[in-house]
Amino acid sequence: MPILVALPGTLCSPRVFDRLAAGVAGTVDVDAVDWMGGPGPWRIGDVADFVAARIEQRHGGPVLVAGHSTGGAIALALAAARPDLVSGLLLANTGAHMRGHGDVDRILGTIANGWGPRLHAAVLDRSFAEPVPAEVRDVLLAYAAGVPRAAALEVLRSQRDEDLTPLLPGITCPVTLLHGVHDRARTVADAETIAAGLPDCDLRTLHTGHTPVWEDAPATADAVRDLLARTG
Ligand SMILES: O=C(O)CC1=CCC(=O)O1
């Protein structure tokens, strides 16, 4: 069965892909990666290397790769560096750079000086257009509580300081780019910049916040099936 290796955003549990995994069950197997719980280092390129090693070891590659938020930047770096391991990309509410990003500098300041449950809850709550059920929120907050502060600091600094735009024309696999238009951190302009740089990109807007992979799992599952068809 085809594999979708799924990369969540900063401080975001791999469980955010549970609804998508259920939606594509029987068609695609989802391997959601806890990259923040990996050994580090956690710069975007380091995590892309970590994911490449996992794909080689577990799946033998190539696979579909999904990236949400920071996971999208990691997925882009991976596809650029290791096209042999990536047959197609599904990106969600991400960007090729962080210029104009809603709150990355504030989050970085709080990671450095105010790390803890309040920050975790603030990042979580603004990642969904509508409040998530309490039991889901508890699961996601429990994950964030176990993330090393160094991982969050390192990956977000790296993402803030890198511009992946020059890599885009070299990513020739099919890409589907989802963008939830009620995102409080990123605008559709971020998605349009990525789409303009990629040779083969299907951009779809959704009525979600920053996390369409959870907020509109049926539309995301449709996008996965359509992407799979485009990979031939
Ligand atoms: O939007 C992104 O790509 C990365 C991000 C930083 C904070 C957040 O929630 O997402």
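When a ligand or atom number is given, it counts from 1 through the structure's own listing order. Note: hydrogens, waters and symmetry copies are ignored here, and every other heavy atom, side chains too, is used.
Contact analysis leaves Val104 out of contact with ligand 1, as no non-hydrogen atom separation drops below 4.0 angstrom. Not a single heavy atom of Thr10 sits closer than 4.0 Å to an atom of ligand 1.
Residues Thr211 and Asn93 fail the side-chain proximity criterion, which asks for heavy atoms closer than 4.5 Å.
Counting only N and O atoms by type, the side chains of Ser158 and Glu154 include no donor and acceptor under 3.5 Å apart. Side-chain contact of Arg186 with Ser69: a donor-acceptor pair under 3.5 Å is absent, judged by distance alone.
Atoms of ligand 1 lying under 4.0 Å from at least one heavy atom of Leu156, given by number and element, are 6 (C). The distance from ligand 1 to the heavy atoms of Arg186 drops below 4.0 Å at these ligand atoms: 1 (O), 2 (C), 3 (O). Applying the 4.0 Å criterion to heavy atoms of Ile107 picks out, from ligand 1, the atoms 7 (C).
With hydrogens left out, the protein atom closest to atom 5 (C) of ligand 1 is Ser69 OG, 3.4 Å, a heavy atom. For atom 8 (C) of ligand 1, the closest heavy atom belonging to the protein is Arg126 NH2, 3.0 Å.
Where the criterion is an N or O separation shorter than 3.5 Å, residue side chain and backbone included, His210 meets it with respect to ligand 1. Considering backbone and side-chain atoms together, Gln159 places an N or O closer than 3.5 Å to an N or O of ligand 1.
One finds a salt bridge joining Arg54 and Asp31 here, because a Lys/Arg side-chain nitrogen approaches an Asp/Glu carboxylate oxygen to under 4.0 Å. A salt bridge links Arg99 with Asp163: the distance from a Lys NZ or Arg NE/NH1/NH2 to an Asp or Glu carboxylate oxygen falls below 4.0 Å. By the 4.0 Å N-to-carboxylate-O rule, Arg43 lies too far from Asp161 to be salt-bridged with it. Electrostatic pairing of Asp105 and Arg160 counts as a salt bridge here, judged by a charged N lying under 4.0 Å from a carboxylate O.
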